[in-house]
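Computed from heavy atoms alone, side chains included, the values below leave out hydrogens, waters and symmetry copies. Note that ligands are numbered from 1 as they come in the structure, with each ligand's atoms numbered from 1 the same way.
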Amino acid sequence: MKGMMMHRPLKIADLIAFGAETYPASEIVSVRTEGDVHRTTYRDTYRRIAQLAHGLKGLGVGEGDRIATLAWNGYRHFELYYAISGSGAVCHTINPRLSAEQMTYIVNHARDRLLFVDTTFVPIVEKLRGQWPEDLRIVVMTDRAHMPDAELEDVLCYEDILAGQPEDFDWPDFPEDQAAGLCYTSGTTGNPKGTLYSHRSTVLHALSSCVTLPGSLREGNRILPVVPLFHVNAWGLPYSAPLSGASLIFPGGALDGKSLFDLMDREKVFSAWGVPTVWLGLMNEIRQRGRLPQGFGDLVVGGSAATRSLIEAFEERGVNVCHAWGMTEMSPLGTQCNLPQAMTDLPFNERVDRKQSQGRRVFGVEMKIVDDMGMPQPHDGKTPGHLYVRGNTVTTAYYEDPEASCNVFDAEGWFRTGDVAMIDRDGFLFITDRSKDLIKSGGEWISSLDLENIVMSHPGVANCAVIAVPDPKWDERPLLIVEAREDAQPQKEELLGLLAERVAKWQLPDDVVFVDALPLTATGKVSKLTLRQRFPAGNV
Ligand code: ADP
């Protein structure tokens, strides 16, 4: 027997319509490429979104068209998210840190019709325009007065598109599984692969984020998404913030510790979201100034493992650290590590032990770990295996890429994450490695994450990575690569000594290399691929 309730399609435009009506005065503050700080509210933003939607219609944008963005975090990028998807088109966010080759691949693969670009990235467009589809039109995300002298023909100005348009829009109806957004993963091997989000998956993700992270996502809170709008929808914040009434503080392009500290201090940011590398920079600044930015109390950290020392440094200063795990293919939230009530009174060290885990699943995501033969493994906190997920916010295939899609699902349709993990009896997930980052020495696995965690606890280490290098006798051996703090000179023997206290002798890196700066991927994680290319045979 079927239920007898109405079935209204879940639509992205409804999120901002709700936010504008229910929390009209909640703010969007943006550090602009023009150099100033721009302030607006959900109510006024909704009006501009309507104007933009009219403008897009005038430009002939139709349902299913891919409309690309190449931009920092700011209010215009936010407006595009809603106007594009709300109109039934697909918002394709492009990561400006991708290589020219990767960017050209994805613009052509997605067959984008329009590209909205921040003034900062106009030089990229000038360079690559000739290799992109001929009918791709370019819109610069600024006003007439700030239009760059670009060597590009037929370039449109963002504010001209909105000017004079009506301030309401009759959002079209379509099925809730209509495509809404497209994001390519940078891909450690092969070409980038596209995840195509739907209205339904995006709205469900926003709902489950609000339910799972009520301490961060609520009216009155000011949230800083350092995680970019060009990568997995800034972990869904443009959708969950208006739904919860939280204000958004967009940092633009200045993401160093000092700029972030100043912005957070001025805007009284309560909750900041981003990858560990960014928070290492902020922590340096906090140490130098001897205080936290005003109002700061909550850090959501993910994208790669947050080390114990990073979690400790913030928690010691009274900032709640929520370690989260997810993937582009999962919209992205999979787990989060705010502690359950019963664990909040644990002694500091035990709390940090817990917080180092990737946490418990969010509603709607199921997880299993399996051995090499695909047999499910117990959730006993000690048996590692390949992590698989399924749920309404998980992809079913890569966009127009049957080859990449065919190897990532098991017979029951679960998605293979490529992560190696354990799950304990309380449901806490512990990512022990990425399958491709594991080191296999003499037939035994060595976890690069474990080694990195220990080395990061050394006060002279700013950042580090452990990679596998080929070895004639053991197949692979670990190599430790270290970026020292500006004012420190950690010694090789010290670091190996620190490791020797905690891991077996055969797991110790064969060598330690010091570099000025570790290479980062387009999403701000340490690029092990680049390191493997740079040190193909170890430190020689
Ligand atoms: P990219 O392809 O650019 O790396 P994703 O953000 O989709 O982009 O990467 C997802 C992967 O990042 C996960 O499969 C996992 O390996 C890693 N990851 C994400 N969050 C965490 C975390 N909290 N701890 C450990 N690894 C993480």
Original post:
Below 4.0 angstrom, N of the basic side chain to O of the carboxylate: do Asp450 and Arg502 qualify?
Top reply: no

Subject >> Polar side chain donor-acceptor pair, Lys528 to Ser448, under 3.5 angstrom >> reply: yes

**OP:** Give the atoms of ligand 1, by number and element, whose distance to some non-hydrogen atom of Thr185 is under 4.0 Å.
**Re:** 2 (O)

Original post:
Does a side-chain heavy-atom distance below 4.5 Å link Asp424 with His379?
Top reply: no

**OP:** Check each heavy atom of Asp419 against ligand 1 and say whether those closer than 4.0 Å belong to the side chain, the backbone, both or neither.
**Re:** side chain

Subject >> Contacting atoms of ligand 1, where contact means under 4.0 angstrom from a heavy atom of Gly303 >> reply: 12 (O), 17 (C), 18 (N), 19 (C), 20 (N), 21 (C), 27 (C)

Original post:
Which residues pass the ring pair (Phe, Tyr, Trp, His ring centres under 6.0 Å) test with His199, sequence neighbours left out?
Top reply: Phe174

Original post:
Which atoms of ligand 1 are found less than 4.0 Å from any heavy atom of Ala324?
Top reply: 20 (N), 22 (C), 23 (N)

Subject >> Among Cys183, Ser304, Gly302, Cys337, closest by any non-hydrogen atom to atom 27 (C) of ligand 1 >> reply: Ser304

Subject >> Electrostatic pair Glu476-Lys440, nearest N-O below 4.0 angstrom >> reply: no

Original post:
Taking only heavy atoms of Gln358, which atoms of ligand 1 are found under 4.0 Å from at least one of them?
Top reply: 22 (C), 23 (N), 24 (N), 25 (C)

Original post:
So between Gln336, Lys525, Met327, His231, whose heavy atom ends up nearest atom 12 (O) of ligand 1?
Top reply: Lys525

Original post:
Would Asn221 and Ser271 count as having a side-chain donor-acceptor pair, cut-off 3.5 Å?
Top reply: no

